[in-house]
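Input: a single structure, listed below in structure tokens.
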Amino acid sequence: MTQVTLEAVHKTYDGGVQAIRGVDLEIGAGEFCVFLGPSGCGKSTLLRMVAGLESITAGDLHIGGIRMNDVPPAQRQVAMVFQNYALYPHMTLYENMAFGLRQARLDKREIERRVQDAAQILQIGHLLDRLPRALSGGQRQRVAIGRAIVRKPDVFLFDEPLSNLDAALRVHMRAEIARLHREFGHASAIYVTHDQTEAMALADKIVLLRSGQDMLDNGSVAQIGSP
Ligand code: ADP
Ligand code: ADP
């Protein structure tokens, strides 16, 4: 089953930068897809369009068979993990993970169950009362991942999530992300990186991006791996 479909997707920023020029792409349910390419080639832009954080200039985005171009982020079955973690500094870890679920008006007991489960999986159960500033980079990244997990999304979106960690932790967290994705079964992942090793280690499918500015209309994307 196809989870995410992009058809002839374009993004032109105000000011005229053509970040994405005609991307066609299908990501299957359960598939781990990596967007790989040098800085500035449009990886983040493409990911943010799937998340709903950037408008789509032209083309179509479908998630779970439904056209999503104009659907607000909170109504998409996606959850994003950011490079800078994007935690709320004044909230405890528990509240950071619970916040989105409260917004979605989930039952209080269900929220507690999901947060505790995610905390257990990520081994941060003993830190739930702390504020983000009391944590190491690796612990913060776990919270950011936990905040995505508790939403039980159909699609996980990762924007260079390990770039701010040291080399050893990066390898460790990479393995954890791979394990979590396997455990989630049906959930797809789209993972942005400029690191080839990371891409090779994680991907079922790698989408190579080149700068949208330099591209011919149909030369935008090369795909390696499963169709
Ligand atoms: P990557 O994630 O591969 O580093 P980005 O998607 O961040 O690339 O950027 C792709 C291109 O779009 C770059 O030329 C970048 O300068 C430009 N760009 C990104 N965000 C904006 C923005 N908000 N306004 C204008 N141009 C932008
Ligand atoms: P309220 O203020 O409405 O009682 P809370 O946010 O204090 O709501 O708590 C909601 C639930 O989340 C409670 O059942 C509580 O046990 C749990 N909870 C809140 N903070 C933590 C935490 N730091 N660690 C573990 N559980 C927590």
Side-chain angles (χ1 to χ4, degrees), residues 3-27 31-63 68-74 76 78-87 137 140-141 144-145 147-148 153 155-167 170 173-174 177 181 188-225:
Q3 191 73 270
V4 180
T5 311
L6 294 102
E7 285 169 49
V9 167
H10 289 246
K11 176 67 184 186
T12 306
Y13 283 107
D14 297 345
V17 175
Q18 293 188 311
I20 298 293
R21 262 178 87 170
V23 165
D24 291 296
L25 188 58
E26 288 190 355
I27 299 161
E31 192 165 45
F32 201 113
C33 177
V34 172
F35 294 170
L36 178 66
S39 180
C41 72
K43 305 180 295 293
S44 226
T45 299
L46 201 53
L47 192 74
R48 291 167 62 82
M49 285 194 284
V50 176
L53 302 173
E54 268 331 322
S55 64
I56 296 172
T57 308
D60 280 314
L61 166 70
H62 287 79
I63 301 176
M68 286 284 152
N69 290 47
D70 304 313
V71 174
R76 302 183 185 201
V78 306
M80 183 134 159
V81 178
F82 297 88
Q83 177 177 359
N84 63 3
Y85 319 132
L87 302 178
R140 285 180 208 190
Q141 191 51 275
I145 293 169
R147 198 170 52 181
V155 187
F156 284 98
L157 305 175
F158 296 97
D159 195 355
E160 305 246 10
L162 307 182
S163 297
N164 290 336
L165 304 178
D166 66 50
R170 212 152 54 217
M173 289 302 292
R174 191 171 80 201
I177 287 173
H181 177 250
S188 311
I190 307 177
Y191 188 104
V192 162
T193 185
H194 60 267
D195 181 332
Q196 289 183 33
T197 310
E198 214 167 279
M200 300 294 278
L202 286 167
D204 297 316
K205 173 155 78 194
I206 297 176
V207 174
L208 290 173
L209 288 158
R210 287 184 274 139
S211 168
Q213 294 285 35
D214 306 339
M215 273 167 1
L216 298 173
D217 265 347
N218 57 2
S220 53
V221 184
Q223 286 185 43
I224 301 169

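Hydrogens, waters and symmetry mates play no part in the numbers below; they use all other heavy atoms, side chains included. Just so it is clear, the structure is predicted and the values come from calculations on it, not from any experiment. Each ligand, and each atom within it, is numbered from 1 in the order the structure gives.
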[X] side chain near [Y] side chain, heavy-atom distance below 4.5 Å:
X: Met80; Y: Leu53; value: yes
X: Thr45; Y: Phe35; value: no
X: Leu36; Y: Glu198; value: no
X: Leu61; Y: Arg76; value: yes
X: Met68; Y: Val78; value: no

Does ligand 1 have a heavy atom under 4.0 Å from the side chain of Thr45, from its backbone, from both, or from neither?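 The answer is both, backbone and side chain.
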For ligand 1, which atoms have a heavy atom of Pro38 less than 4.0 angstrom away?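 Near Pro38, the atoms of ligand 1 are 3 (O).
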Which atoms from ligand 1 have a heavy atom of Val17 less than 4.0 Å away?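 By the 4.0 Å cutoff, the relevant atoms are 12 (O), 14 (O), 17 (C).
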With nothing but distance in play, are any N or O atoms of [X] less than 3.5 Å from an N or O of ligand 1?
X: Gly40; answer: yes
X: Ala19; answer: no
X: Glu54; answer: no

Is Gly37 near ligand 1, meaning one of its heavy atoms is under 4.0 Å from it?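 Per 4.0 Å heavy-atom rule, Gly37 does not contact ligand 1.
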Mark the output for Cys41 as yes if a heavy-atom distance to ligand 1 is under 4.0 Å, and as no if none is.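 Yes, Cys41 has heavy atoms under 4.0 Å from ligand 1.
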Working to the nearest 0.5 angstrom, can you tell me the gap between Arg48 CZ and Glu54 CD?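 If we round to the nearest 0.5 Å, Arg48:CZ and Glu54:CD are 5.0 Å apart.
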